[in-house]
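Sequence lines set the chain letters: A, B, ... in the order given, protein chains first and strands last, and positions in each chain run from 1.
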Amino acid sequence: MCTAPAEELVKQWESEQARLRQQVVEEDTEDWQRSPDFSGLERVGGVDLSFIKGDDVNACAQLVVLSYPDLELLYEDSHMVTLTAPYIAGFLAFRETPFLLEALQRLERNQPELLPQVVFVDGNGLFHYREFGLACHLGVLSGLPSVGVAKNLLQVQGVDKSEAHQSQIAALQKGGDSFPLTAASGKVLGKALRSSNKSSKPVYVSVGHKICLDTAVRLTHSCCRYRVPEPIRQADCRSREYLRIHFPAVDT
DNA sequence: GCGACAG
DNA sequence: ATCTTGTCGC
């Protein structure tokens with residue numbers, strides 16, 4: 001008769017995900033997405049949150065906007081935030097989205113001409129327990145096209161780190177090679193992508209919003225100087241640097 | 001008890 | 001997410 005506190009919250013979050021899931025657009029909606037070289041694409045965004053060691057409440061929310069195709073910094077925003085929601089696997093968006101959305105809204109208010117035409121998100125999109133990960137959540141709430149890029153495989157909907165999966169990874173010969181992540185239902189939820197020639201460990205790309213999977217994979221590859229696509233990598237580096245400068249480690 | 005668990 | 005520098009290898 002006693003329901004665990006978190007249990008009620010999870011039920012509420014699940015229904016919120018189901019509601020917003022219906023608003024995801026899994027197809028290309030922009031002209032530049034149809035172009036072979038993405039002509040018309042000039043600005044790509046990246047978001048991330050970095051935490052102070054031993055503190056899971058205070059974080060630096062980061063937004064960067066890079067030029068495309070040169071991937072040079074056009075805009076950067078580092079902002080300290082206080083998180084309220086706990087991290088529960090499958091519900092990352094409820095912890096992080098509000099602050100990432102706020103960063104996009106600050107940009108829209110102050111320099112709308114610099115708004116990115118697509119946002120890369122550190123985490124999954126449709127490749128998710130209920131096909132509504134962080135990248136979908138931020139995409140739907142912002143209305144911007146978004147792509148989810150996870151550094152680790154989420155074992156979900158029948159996708160797992162099997163021998164077959166490992167051999168598919170081994171078969172990725174060069175940057176740009178990929179293979180589908182297929183759910184038990186038969187639906188392709190994402191793709192494992194070898195993002196550069198140098199890194200044999202793939203990244204996991206999935207649709208966030210207003211882009212199709214093949215376009216998302218092709219775009220991700222075209223934004224990779226290293227394993228992690230540059231917009232996310234820059235957001236990660238710069239938010240960590242911000243914490244280093246403003247919250248230096250103390251010698252005890 | 002053991003493994004999984006985006007960030 | 002974070003704990004952690006240098007080091008072995010291509």
Would you mind reading off the distance between [X] atom [atom1] and [N] atom [atom2], rounded to a whole angstrom?
X: A/Ile52; N: C/dC3; atom1: CD1; atom2: P; value: 11 Å
X: A/Arg244; N: C/dT2; atom1: CZ; atom2: C1'; value: 15 Å
X: A/Arg240; N: C/dT2; atom1: CZ; atom2: C1'; value: 9 Å

Inter-nucleotide P distance (B/dG3, C/dT4), Å rounded: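 It comes out at 24 Å once rounded to the nearest Å.
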Same-atom distance (C1') from C/dT2 to B/dC5, integer angstrom: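 Pairwise C1' distance, C/dT2 against B/dC5, rounds to 16 Å.
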Dot-bracket notation for DNA chain B, counting Watson-Crick and G-U pairs under 3.5 Å, with | for partners on another strand: .......
Does the side chain of [X] pick up a donor-acceptor pair with the side chain of [Y] at under 3.5 Å?
X: A/Ser222; Y: A/Tyr68; answer: yes
X: A/Ser67; Y: A/Glu72; answer: no
X: A/Gln17; Y: A/Arg130; answer: yes

Ring geometry between A/Phe132 and A/His137 (parallel below 30°, tilted from 30 to 60°, perpendicular above 60°):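 Rings of A/His137 and A/Phe132: tilted, as their planes differ by 30° to 60°.
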A/Arg106/A/Glu76 ion pair, N-O < 4.0 Å: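 A/Glu76 and A/Arg106: not salt-bridged.
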Presence of salt bridge, A/Lys11 and A/Glu16, under 4.0 angstrom: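 Answer for the salt bridge query: no.
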Protein and nucleotides 5-7 of chain B: nitrogen or oxygen contacts under 3.5 angstrom:
unit_1	atom_1	unit_2	atom_2	d
B/dC5	OP1	A/Gln155	N	2.8
B/dA6	OP2	A/Tyr87	OH	2.7
B/dA6	O4'	A/Asn124	ND2	3.3
B/dA6	N7	A/Gly90	N	3.3
B/dA6	N6	A/Gly90	O	3.1
B/dA6	N6	A/Phe91	N	3.3
B/dA6	N6	A/Leu92	N	3.2
B/dA6	N6	A/His128	NE2	3.3
B/dA6	N1	A/Leu134	N	3.1
B/dA6	N3	A/Asn124	N	3.0
B/dG7	OP1	A/Lys151	N	3.0
B/dG7	OP2	A/Asn152	OD1	3.1
B/dG7	O3'	A/Asp122	OD2	3.2

Name of the residue among A/Leu141, A/Leu49, A/Asp122 meeting side chain to side chain contact (heavy atoms under 4.5 Å, CB included) with A/Leu100: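 That would be A/Leu49; it is the only one of A/Leu141, A/Leu49, A/Asp122 passing the side chain to side chain contact (heavy atoms under 4.5 Å, CB included) with A/Leu100.
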Axial cation check for A/Phe179 ring with A/Arg194, 6.0 Å and 45° limits: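 Judged by the rule (NZ or CZ under 6.0 Å from the ring centre, within 45° of its axis), A/Arg194 is not positioned above A/Phe179.
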